[in-house]
Amino acid sequence: MVELMTDYLEDALSARDKARFEEHIAGCDGCSAYLEQMRTTMRLAGRIPDEPIPQRLQDELLRVFRSWKSEHQT
Amino acid sequence: MQASRSEPELDALRRGDETAFVDVLRRYHGALMRLAMTYVQNPQIAEDVVQDAWLTAIRSLDSFAGRSSLKTWISGIVINIARARRRKESRLVSLASVFTDYADRRRPTVDPSRFGGDGAWRELPRPWENVPESSLIGKEMLGRIKSAIDELPPKHREVIVLRDVAQLDATEVSNLLGISPENQRVRLHRARAAVRKSLEEYLS
């Protein structure tokens, strides 16, 4: 059951398997807790704080972008 | 073939909008660095990879057909450059990875001892609903997730970084990595299950 969790979350199960999966989850505390934990894991992975771009790199790339722009507009 | 979609961000870059460019640089940097670090371990080299990817992207802004989102496109460039940087190792890894995918489909992601002979949970996972949201998204917890992701095998790490951290969609990720949708799901499943396990250990 736990090995089907991602297929379920990705909506990759057939209609029949999906119905059976949901029926099982509804009656199984362990699997429903596990499914929620998988959802939380996904959600938190999207919240990892981003490393800020170093100013030096940002300036350098902006300089290249500007020169692209000026070539582009002439 | 997907029709070219209208993306306000891409249009702004093509117009030479500097504010939009800096905004995109800042927003994508973290995810692109993590993606590059999947292939090259040295942060300085990863930063060079990200820089080269942007240089390539700027040069190709006019020719980019817009068949994928801007984020997917730049992620693809990062992957290509990062892979080229470690070409030698990746050749050795690629054949092994074919076997890994087959083996992965069989290996359980949850310790079989947690289930009884009838397949029912012997020891139930403790729901996290009572963990306050502020601790879940706190620095320690997110740090824990970050290290759990860093410890994954590269093939699993790249998929979870693209899907759950950078939040690209499944089709885009399968195409980027040149793997079947099924293998993409298998790797994603193993990655998520390993990170979940690490959080469970941390919270218990």
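Chain naming here is simple, since letters A, B, ... match the order of the sequence lines and numbering starts at 1 in each.
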Worksheet entry | Heavy-atom contact with chain B under 4.5 Å, split by part of A:E10 | side chain

Fill in: Heavy-atom pair count under 4.5 Å with chain A, highest-scoring of B:M141, B:K139, B:R163
B:R163

Fill in: Part of A:L61 within contact of chain B (heavy atom distance under 4.5 Å)
both

Response to the item:
Smallest heavy-atom separation, B:R83 atom then B:L177 atom, equals NH2-CD2, 3.9 Å

Practice prompt. Please report the shortest heavy-atom distance between B:A57 and B:W73, naming the atom on each side.
Written response: O-CH2, 3.4 Å

Worksheet item: Short question: side chain of B:D17, backbone of B:A20 - any donor-acceptor pair under 3.5 Å?
Response: yes

Item to complete: Considering only heavy atoms and a distance below 4.5 Å, find which of B:K146, B:R185, B:H189, B:R190 pairs most often with chain A.
Response: B:H189

Practice prompt. Could you look at A:C31 and say if it's the side chain, the backbone, both or neither that has a heavy atom under 4.5 Å from chain B?
Written response: both

Worksheet item: Okay, side chain of A:K18, backbone of A:L13: is any donor-acceptor separation there less than 3.5 Å?
Response: no

Discussion item. Quick one: does any side-chain atom of B:R34 pair with a main-chain N or O of B:L162 as donor and acceptor, under 3.5 Å?
Written reply: no

Discussion item. Please identify, among B:R59, B:R114, B:R14, B:Q167, the residue contributing the most non-hydrogen atom pairs under 4.5 Å to chain A.
Written reply: B:R14

Practice prompt. Using a cut-off of under 4.5 Å on heavy-atom pairs, state which of B:E129, B:E123, B:E182, B:E133 scores highest against chain A.
Written response: B:E133

Discussion item. Does anything in residues 194-204 of chain B reach chain A? List residues with heavy atoms under 4.5 Å apart, or say none.
Written reply: B:V195, B:R196, B:L199, B:E200

Response to the item:
Ranking B:V161, B:D62, B:L188 by heavy-atom pairs under 4.5 Å to chain A gives rank one to B:D62

Worksheet item: Which of the residues B:V186, B:I160, B:V22 is involved in the greatest number of heavy-atom pairs with chain A at under 4.5 angstrom?
Response: B:V22

Worksheet item: Which members of residues 42-53 of chain B, sorted by number, sit under 4.5 angstrom from chain A on a heavy-atom basis?
Response: B:E47, B:Q51

Worksheet item: Is the backbone N or O of B:A120 less than 3.5 Å from a side-chain atom of B:D118, with the two atoms forming a donor-acceptor pair by type?
Response: yes

Discussion item. Quick check against the 3.5 Å criterion: does B:S135 have a side-chain atom that pairs as donor or acceptor with the backbone of B:V131?
Written reply: no

Practice prompt. Heavy-atom distances under 4.5 Å only: say whether A:E36 touches chain B with side chain, backbone, both or neither.
Written response: side chain

Discussion item. Checking the side chain of A:T41 only, and the main-chain atoms of A:Q37 only, is there a donor and an acceptor separated by less than 3.5 Å?
Written reply: yes

Fill in: B:E172 side-chain N/O to B:S68 backbone N/O, donor-acceptor pair under 3.5 Å
no

Discussion item. Can a donor-acceptor pair be found, under 3.5 Å and without considering hydrogens, that links the side chain of B:R187 to the backbone of B:V159?
Written reply: no

Worksheet item: In terms of heavy-atom proximity below 4.5 Å to chain A, should B:I149 be classed as side chain, backbone, both, or neither?
Response: side chain

Discussion item. Before we go on, tell me: are the rings of A:F65 and B:W54 under 6.0 Å apart, centre to centre?
Written reply: no

